[in-house]
There are 2 protein chains.
Amino acid sequence: MAADPSGETCALREVLALIGDKWSAQVLVQLGTGPRRFTELERTIEGISRRMLTLSLRNLERNGLVLRTVYPDSPPRVEYATTPLIEEIIEPLEALADWAKRSRPAVAAARRAYDDRQFAVARQ
Amino acid sequence: MAADPSGETCALREVLALIGDKWSAQVLVQLGTGPRRFTELERTIEGISRRMLTLSLRNLERNGLVLRTVYPDSPPRVEYATTPLIEEIIEPLEALADWAKRSRPAVAAARRAYDDRQFAVARQ
DNA sequence: CAGAATCCGGGCCGATACTG
DNA sequence: CAGTATCGGCCCGGATTCTG
């Protein structure tokens, strides 16, 4: 049996390489609701640093997921928007987010149970 | 406007914390097709080290995504299987993988175009 | 406003060796 | 077979400073 005949796991690796880092997925979700300026994103995505926002946007732009438009204004104005490529990935991403919201209690309970078991083993 | 009224991006963070690392998603996909023993997984998931497989499985188990069963045999026999929690996440994951496969050419083209632009700027 | 440049610490992960 | 333990490199990402 081949390890991955249909390339499923390989494809998963690719997705995670694109948007599996700390911030990219959140940037995508934000842009999914409409174009945003740099500082808007910085304010909306809580905890992101300027550096990381820049790097994330650059990487997304490079892979064709984000369109960057510079308007020759002063002060400078740059807008980020989705590309057609993104629009198809937003849905699976939101499915994942939905799963997370639904499963939050179950995950928390599993974690407590596991940690309790570990604690019981440790003190025995 | 609240940053994330429905908790979408927060939920995304949680998912990525669970399965966003280098190997967990692949482990899940493997287990999605049926229970596996430790060494089976190690062989099937190309490139994974014993240490990383152990850590990934432990983490997945802790969060209630994987069930670990030890059979009192000699030599030892341990089986890993999905939990009901997993079964609902597999589908969105495969949707992501499908997207990756469909979008591979577009992403590659975008990357080439971007890199060419950078190259042109650099040598100008 | 929208970045670029630099420094730096933590942890992710691989390699290797050892065990019941 | 199914792990654990330890060491070490690398890179992700945060803080800070500077710029057009």
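Since this is a predicted model, take the numbers as computed values, not measurements. Naming convention: chains lettered A, B, ... in sequence-line order (proteins, then strands); numbering from 1 in each chain.
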Touch check for A:Tyr71, heavy atoms < 4.0 angstrom, all strands: base, sugar-phosphate only, or nothing?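 No contact.
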Its contact letters, B for base, S for sugar-phosphate only and - for none at protein heavy atoms under 4.0 Å, make nucleotides 4-20 of chain D read B-B------BBB----B
Partner residues of [X] under the salt bridge (Lys or Arg N to Asp or Glu O under 4.0 Å) criterion, sequence neighbours left out:
| X | result |
| --- | --- |
| A:Arg50 | A:Glu42 |
| B:Asp116 | none |
| A:Glu14 | B:Arg104 |

Considering residues at least two apart in sequence or located in another chain, which fulfil the side-chain hydrogen bond (donor to acceptor under 3.5 Å, both in side chains) criterion with [X]?
| X | value |
| --- | --- |
| B:Arg117 | none |
| B:Asn59 | none |
| A:Asp115 | B:Arg62 |
| A:Arg37 | none |

Hey, does B:Glu79 have a side-chain heavy atom less than 4.5 Å from the side chain of B:Arg36?
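Not touching, per the 4.5 Å side-chain cut-off.
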Exercise for the section: Go through the structure and list residues passing side chain to side chain contact (heavy atoms under 4.5 Å, CB included) with A:Arg68, not counting sequence neighbours. Expected result: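 A:Arg68 satisfies side chain to side chain contact (heavy atoms under 4.5 Å, CB included) with A:Arg58, A:Glu61, A:Val70, A:Val78, A:Tyr80 once adjacent residues are dropped.
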For residues 85-94 of chain A, which side-chain donor-acceptor pairs fall under 3.5 Å, sequence neighbours excluded?
| unit_1 | atom_1 | unit_2 | atom_2 | d |
| --- | --- | --- | --- | --- |
| A:Glu87 | OE2 | A:Thr82 | OG1 | 3.1 |
| A:Glu88 | OE1 | B:Arg102 | NH2 | 2.9 |

**Overall bend - the helix from C:dC1-D:dG20 to C:dG20-D:dC1, comparing terminal axes fitted on five pairs, nearest 10 degrees** =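 One end's axis against the other's: 50°.
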_Please identify the 5'-most and 3'-most nucleotides of DNA chain C with any atom under 4.0 angstrom from a heavy atom of chain B._
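Reading along DNA chain C, I get C:dC13 to C:dG20.
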